[in-house]
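Okay, so here's the structure we're looking at.
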Amino acid sequence: YDAMPAVSDKDHIRGDKNAQILLVEYSDYQCPFCQRFQPTMLQVMKEYGNKVAWVYRHYPLPFHQYAQKAAEAGECVAKLGGNEKFWKFSDEAFARGEKAETNLTVDNLVKLAGEIGVDSGKVKSCVDSGEMASVVKADMDGGSGAGISGTPGTIIVAKNGKKELIPGALPFEQVKPLIDKML
């Protein structure tokens with residue numbers, strides 16, 4: 001996983017980017033396993049506090065009909081509303097993702113952006129323009145280059161540069177020892 005692109009200010013980071021451990025998650029809003037993994041990651045953030053930071057990168061799988069546009073919508077929200085709104089959007093998108101065919105349509109994601117306080121008209125024209133497709137593609141290319149092949153693919157990055165993969169949607173009990181080993 002050494003080929004993973006370094007974390008930068010362009011990334012979506014929850015927590016302190018100088019934390020001892022970075023968890024770089026390659027994810028897909030429509031992926032049921034990613035939806036299942038979301039509470040695990042939220043628990044990690046709660047338990048470890050400022051020792052860990054969560055970095056979200058897009059990896060919309062081609063067979064998920066709504067995933068690409070959902071990822072672009074997330075980027076539009078980030079561009080228009082900043083980091084905090086991006087994470088609010090992501091949490092809600094995952095919470096609603098089970099009924100993807102109704103909840104993850106562009107119209108509903110635009111509505112969601114409005115609900116969390118981002119101008120829905122601007123989000124819609126941003127998504128419709130396709131301007132964020134290249135940002136999403138860059139995340140995916142970086143993930144593929146780093147050896148990610150499915151979602152969620154989360155790479156634990158220690159301060160000393162050591163990396164380890166959390167393979168799939170593991171429960172907190174199985175994620176904890178992987179993090180502890182790297183601290």
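Fair warning: this is a prediction, and the values are worked out from it, not measured in the lab. Atom set for the values below is all heavy atoms of this structure, side chains included, hydrogens, waters and symmetry mates excluded.
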- Query: Between Lys111 and Asp107, is there a salt bridge with N-O shorter than 4.0 Å?
  - Reply: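 Salt bridge absent between Asp107 and Lys111.
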- Task: State plainly whether the residues Lys176 and Glu47 are in salt-bridge range, i.e. N to O under 4.0 Å.
- Result: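 Glu47 and Lys176: not salt-bridged.
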- Apart from Ile148 itself, its cluster of hydrophobic side chains linked below 4.5 Å comprises Tyr1, Met4, Val7, Ile13, Leu22, Val24, Tyr26, Val55, Tyr59, Leu61, Phe63, Met140, Ile155, Val157, Leu165
- Set of residues satisfying side-chain hydrogen bond (donor to acceptor under 3.5 Å, both in side chains) with respect to Asn50, sequence neighbours excluded: none
- Message: With ring pair (Phe, Tyr, Trp, His ring centres under 6.0 Å) as the rule and sequence neighbours excluded, what pairs involving residues 92-147 come up?
- Response: Tyr29-Phe94
- Task: To the nearest 0.5 angstrom, please state how far the CZ atom of Arg14 sits from the CE atom of Met45.
- Result: 7.0 Å
- Task: Enter the distance from Leu109:CG to Tyr66:OH here, rounded to the nearest 0.5 Å.
- Result: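 Going from the CG atom of Leu109 to the OH atom of Tyr66 covers 10.5 Å.
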- Message: Which heavy atom of Asp28 sits nearest to which heavy atom of Ala67, and what is that distance?
- Response: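 Looking at all heavy atoms of both residues, the closest pair is OD1-CB, 3.3 Å.
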- Looking at residues at least two apart in the chain, or sitting in another chain, which of them share a disulfide bond (SG atoms under 2.5 Å apart) with Cys76? Cys126
- Results of side chain to side chain contact (heavy atoms under 4.5 Å, CB included) for Ala95 - residues two or more places apart only: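 Testing Ala95 for side chain to side chain contact (heavy atoms under 4.5 Å, CB included), a comparison that skips the adjacent residues, returns none.
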- Item | Between Gln68 and His58, a side-chain donor and acceptor under 3.5 Å |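 Per modelled atom types, Gln68 and His58 side chains form no pair under 3.5 Å.
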- Query: What residues form a ring pair (Phe, Tyr, Trp, His ring centres under 6.0 Å) with Tyr48, not counting sequence neighbours?
  - Reply: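 Not a single residue meets the ring pair (Phe, Tyr, Trp, His ring centres under 6.0 Å) criterion with Tyr48.
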